[in-house]
Amino acid sequence: MSEPSWAQAVSKTDVYLFHEGTLYQSYRTFGAHLTEENGRPGVRFTVWAPNACQVSIVSDWNGWRGDRDVLYKIPDSGIWTRFFPGIDDGTFYKLAITAADGTTFLKADPYAFHAEVRPQTASVIARLDGYDWGDAAWTASRKPPYQKPISIYEIHFGTWRQAEAGRFYTYREMADLLIPYVKEMGYTHIEIMPLAEHPYDLSWGYQATGYFAPTSRYGKPQDLMYFVDRCHQAGIGVLLDWVPGHFAKDAHGLRRFDGTPLFEYGEPAKAEKPGWGTLSFDFGKPEVRSFLISNALYWLEMYHFDGLRVDAVTSMLRLDFEKSDAPRNEYGGVENLEAIEFLRQLNTIVFRYFPHALMMAEESSAWPMVTAPAHDGGLGFNYKWNMGWMNDTLDYIETPFADRPGRHHLLTFPVWYAYSENYALPLSHDEVVHGKKSLLDKMPGAYEQKFAGLRLLLGYQFTFPGKKLIFMGGEFGQFIEWRDQAELDWFLLDYEAHRLIRGYSAALNRFYLREPALWQLDHEPDGYQWINPHDAGQSVIGYMRKGKRKEDQLLVLLNFQPAERPVYRVGVPLPGRYELVFNSDDAGFGGSGYPLKPVAAGERLSWHEQPYSLVLSLPPLSMTVWKRKVSPKPKRRGRR
């Protein structure tokens, strides 16, 4: 059944661009839109279902019967649409789709802006207009991220804190709770694990069914807008974990949407993600590319997110990801050529619309040029999670003290590829769940040594090249690994050791923010210089971090053994007086308070890589940071 041409609100241009894979704001066309046509208010529904014999709207107003309100099919398009007058915001609905074999089934709207609270699965008509944003100053001040400090606090929205009886806090309530905490702690950004609607709590949002619907667990779309707006007004950026690699198989979702594999590959060997029980998007279909790229822009435009952390990129790039009998591409390789081109197109378009967005890839292999521009053959992201650094570092810090000398390379090797991409250093949720232990509990040794080890780990992260990310709870020493149904153990802050390490985390953030040497040249080799990579016997490493100005130089020394080094000699590039500017072993952070004094470098060393000798002390399990004191230059007198 075709709708009269005068009644169609879907333009021929939109149809053409959608099928070309370039309708980048397809959410303005597809889905359920409150509008007015021929003087009558109502809703226009539009859906892509090319292989369906019939598509109807079912809802309370028609008794959920699929034989009454049938959509019209735009000829030669696979798109169904119809305007219905008298329908209001908040109406529940589904799509009744009749497949080619005559079977009829109910689906949620792929472009729905809101969804019924799980376990119910209906779509909900919702307005996205009408919210009065107050973050104009923030959005106008956005700048390229490369020479800026970025310290990200990763959270799971439902378990950071919970209200009485395990009730989730709403988006609006969390604005009052989370923002002051993040400000106090000194983080620059919040990253939220996926918020797209998903049926199963324990998937953490990584198996979605409603890509355009912020989960109704925490409120309505305008409530999420309020949360992001409040973050921006407080000077905090907000990133969203985004999952374009796969989707849930739930019956009301995208799987076999019109009775055939539509959003997923038709070839099961390419479609199935056996490790996760999900389906891969078909990146070769232009319409799927329109859907996904529009979804990325949707979160950035409609909700003002500052960027996306793109999940599981490796699973998209490789056809053999977690598969023993993998399909091959047209050249006989295991690279997913369609996904590669999709990612390049995605990043190209995102940066066209949002030049200063953060697009971070969770890519766990050695795939080259992840952060190189798409036009140069790269994938086009501007950041990649440094999984190599994370894995090597966590492997090392779990090593018993006696065995650390033999694993010293885990500290020194990551530097050799630190500048091969633009990196962020994650200590993420995946590393503190499913039996992996919390960061604090990974540490060997006695109780006090565990806290000293955690302070050392965080200090190492904040002085190593790359932007920073830590998962919630790590900042105050959550002892039990993340439990994905209960809130963090905030009661631990009744204990001094946990209060002190939270204070340490805040002080470390403040130190990081005020020292350009720790972030200004994050992606340039000139920002890093080895001082002492070879002391495996004592498990000590030392390096310089540098900013653009000559005076912005820091000497970082890390002692990964619980033994103090009363006399420790290192070479430094310049003579002068070196003052201690940060000490993870400070008694105010819960450390031993081992006394340290300013030291001077003056003795020349002709035999050493560095020309001047510096003799100092190293506390046990500590990071100490030293800065050369530079005398101010005398002011020139002007001529009389």
All side-chain contact (heavy atoms from CB on, under 4.5 Å) counterparts of Thr29, not counting sequence neighbours: Val10, Asp14, Leu23
Just grab all the side-chain hydrogen bond (donor to acceptor under 3.5 Å, both in side chains) pairs involving residues 241-250, residues at least two apart or on different chains. Tyr206-Asp241, Asp241-Arg309, Trp242-Asn295, His246-Thr278, Lys249-Glu272
Evaluate His304 against Phe354 for ring pair (Phe, Tyr, Trp, His ring centres under 6.0 Å), listing each step before the verdict. CA-CA 10 Å; His304 291 206; Phe354 298 94; 8.8 Å; no
For Gln25 and Tyr353, run side-chain hydrogen bond (donor to acceptor under 3.5 Å, both in side chains): C-alpha distance rounded to whole Å, both residues' side-chain angles, the deciding distance at 0.1 Å, then the answer. CA-CA 11 Å; Gln25 293 173 314; Tyr353 283 85; 4.7 Å; no
With Tyr171, which of Tyr218, Tyr131, Phe227 fulfils ring pair (Phe, Tyr, Trp, His ring centres under 6.0 Å)? Tyr218
Among residues at least two apart in sequence or on other chains, which ones pass salt bridge (Lys or Arg N to Asp or Glu O under 4.0 Å) with Lys468? none
If the test is ring pair (Phe, Tyr, Trp, His ring centres under 6.0 Å), which one of Phe257, Tyr211, Phe342 qualifies with Phe281? Tyr211
List the residues meeting side-chain contact (heavy atoms from CB on, under 4.5 Å) with Glu524, not counting sequence neighbours, and say none if there are none. Gln147, Leu521
Consider only side-chain N and O atoms of Thr81 and Arg44, and report whether a donor and an acceptor are under 3.5 Å apart. yes
Ser216: side-chain hydrogen bond (donor to acceptor under 3.5 Å, both in side chains) partners, not counting sequence neighbours: Glu197
Can you label the angle between the Phe30 ring and the Tyr111 ring as parallel, tilted or perpendicular, going by 30° and 60°? parallel
Measure from the ring center of Tyr169 to the ring center of Phe157 and say whether it is less than 6.0 Å. no
Name the residue from Glu191, His156, Glu154 that meets the side-chain hydrogen bond (donor to acceptor under 3.5 Å, both in side chains) definition with His429. Glu154
Polar contact flag, side-chain donor to acceptor under 3.5 angstrom, Tyr93-Asp109: yes
Under the rule for side-chain hydrogen bond (donor to acceptor under 3.5 Å, both in side chains), what residues qualify as partners of Asp430, not counting sequence neighbours? none
Sorted by first residue and then second, give each side-chain hydrogen bond (donor to acceptor under 3.5 Å, both in side chains) pair with at least one member in residues 136-145; sequence neighbours left out. Trp138-His232, Trp138-Asp306, Arg142-Asp306
Step-by-step side-chain hydrogen bond (donor to acceptor under 3.5 Å, both in side chains) determination, Thr104 to Thr98: CA-CA 4 Å; Thr104 299; Thr98 302; 2.8 Å; yes
Check side-chain hydrogen bond (donor to acceptor under 3.5 Å, both in side chains) between Gln120 and all other residues, then give those that pass, not counting sequence neighbours. none
Within a radius of less than 6.0 Å around CG of Asp132, do more than 12 heavy atoms belonging to other residues, nucleotides or ligands occur? no
Donor + acceptor pair across side chains of Thr260, Asn51 (<3.5 Å): yes
Applying side-chain hydrogen bond (donor to acceptor under 3.5 Å, both in side chains) to Tyr265 and not counting sequence neighbours gives Asn336, Glu338
Pair up each side-chain donor or acceptor in residues 371-383 with any protein partner under 3.5 Å, not counting sequence neighbours, and list the distances.
residue, atom, partner, partner atom, Å
Thr371, OG1, Glu421, OE1, 2.5
Thr371, OG1, Asn422, N, 3.1
Asn382, OD1, Met359, N, 2.8
Asn382, ND2, Ala357, O, 2.7
Tyr383, OH, His523, NE2, 2.9

Taking all heavy atoms of Phe471 and all of Ser428, pick out the closest pair and write down the distance. CB-C, 3.7 Å
Side-chain H-bond candidate by donor/acceptor type, Ser365 with Glu363, under 3.5 Å: yes
For Phe84, give me all partners under ring-ring contact (aromatic ring centres under 6.0 Å, His included), at least two apart in sequence or on another chain. Phe45
What do you reckon, is NZ of Lys220 surrounded by more than 12 foreign heavy atoms closer than 6.0 Å? no
For Arg40, give me all partners under salt bridge (Lys or Arg N to Asp or Glu O under 4.0 Å), at least two apart in sequence or on another chain. none
